[in-house]
Amino acid sequence: MSLKLVVGLDGHSTGEKALAHAQTMAEKSDGCELIAVYIIEWSPFTFQTAEENAQRHKRREEEIAIAMERVVTPAVTAMSDAGLTIKGVVRHGNVADVLDDIAKKAGADQIIVGRSSDNGLSSRIFGSATSNLVMSASVPVTVVV
């Protein structure tokens, strides 16, 4: 049986820990596909002029390219070099919603994320995106500390 894991990357050590845990699981599995995902928080609910929207779209494309270059491509390269099957994805949107959507569309067995390093009161134990994901995901979620 092939295992499919979605791994949430954040560009920090928490995402690296999630990826390392996914690698351990993949190496113990008879065939595993990893999907490394970086989500750029993005709200579609703003009222702007046409010119502002054009600039926003340009910034959005630039953000995707930067995230792919700095976070996703190095993760994909490291896992590929370790002999694992992996693809990388960068999306804009709500972290919990987008990770769950990617997992559903891919037929993933599990989502793996790191615990947030945010220091706010509401994110003492988990980051708000992590807690939202845990409470609403359609597949099991592993939170790596």
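Here the straight-line distance linking atom CG of Asp100 with atom CG of Asn132 works out to 11.5 Å at 0.5 Å rounding. Remark: Leu99 CG to Ile112 CD1 distance equals 11.5 Å, nearest 0.5 Å. Summarising the geometry, atom CG belonging to Leu9 is positioned 9.0 Å from atom CD belonging to Glu16; distances are rounded to the nearest 0.5 Å. Taken from CG in Leu34 to CD in Gln23, the straight-line distance is 8.5 Å, to the nearest 0.5 Å. To the nearest 0.5 angstrom, Lys4 atom NZ is 10.0 Å from Cys32 atom SG. Annotation: the span from Ile40 atom CD1 to His92 atom NE2 amounts to 3.5 Å, rounded to 0.5 Å.
When side chains are defined from C-beta on, Ile35 does not count as touching Leu5, because their heavy atoms never get closer than 4.5 Å. Between Thr142 and Gln110 there is a side-chain heavy-atom pair separated by less than 4.5 Å. Taking the side chain as every heavy atom from C-beta outward, Pro140 and Ile111 never approach each other to under 4.5 Å.
With a 6.0 Å radius and a threshold of 12 heavy atoms from other residues, nucleotides or ligands, Arg60 has its CZ atom above the threshold.
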- Query: Going through the distances and angles, do Val7 and Val37 end up as a side-chain contact (heavy atoms from CB on, under 4.5 Å)?
  - Reply: CA-CA 6 Å; Val7 184; Val37 182; over 6 Å; no

- Message: Using the rule given for side-chain contact (heavy atoms from CB on, under 4.5 Å), can you reason through Asp109 versus Val139, listing the C-alpha separation, both sets of side-chain angles and the distance that settles it, and then say yes or no?
- Response: CA-CA 6 Å; Asp109 299 290; Val139 299; over 6 Å; no

- Message: Determine whether Glu33 and Ser2 satisfy the following criterion, side chain to side chain donor-acceptor pair (under 3.5 Å), listing intermediate values before the conclusion.
- Response: CA-CA 8 Å; Glu33 179 184 346; Ser2 182; over 6 Å; no

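Each of Val71, Val95, Val98 was compared with Tyr38 under the side-chain contact (heavy atoms from CB on, under 4.5 Å) criterion, and only Val71 meets it.
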Would you list the atom pairs, donor with acceptor, under 3.5 Å between side chains in residues 74-89 and any protein atom, with sequence neighbours excluded?
from  : atom 1 : to    : atom 2 : distance (Å)
Thr77 : OG1    : Thr73 : O      : 2.9
Ser80 : OG     : Val76 : O      : 2.9

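What you find for Ala18 and Gly114 is that their closest heavy atoms are CB-N, 3.6 Å. A pairwise comparison of heavy atoms in Ala108 and Val6 identifies CB-CG2, 3.7 Å as the closest pair.
Here the side chain of Thr14 pairs no donor or acceptor atom with the backbone of Asp10 at under 3.5 angstrom.
A donor atom on one side chain and an acceptor atom on the other are not found under 3.5 Å apart for Gln55 and Glu51.
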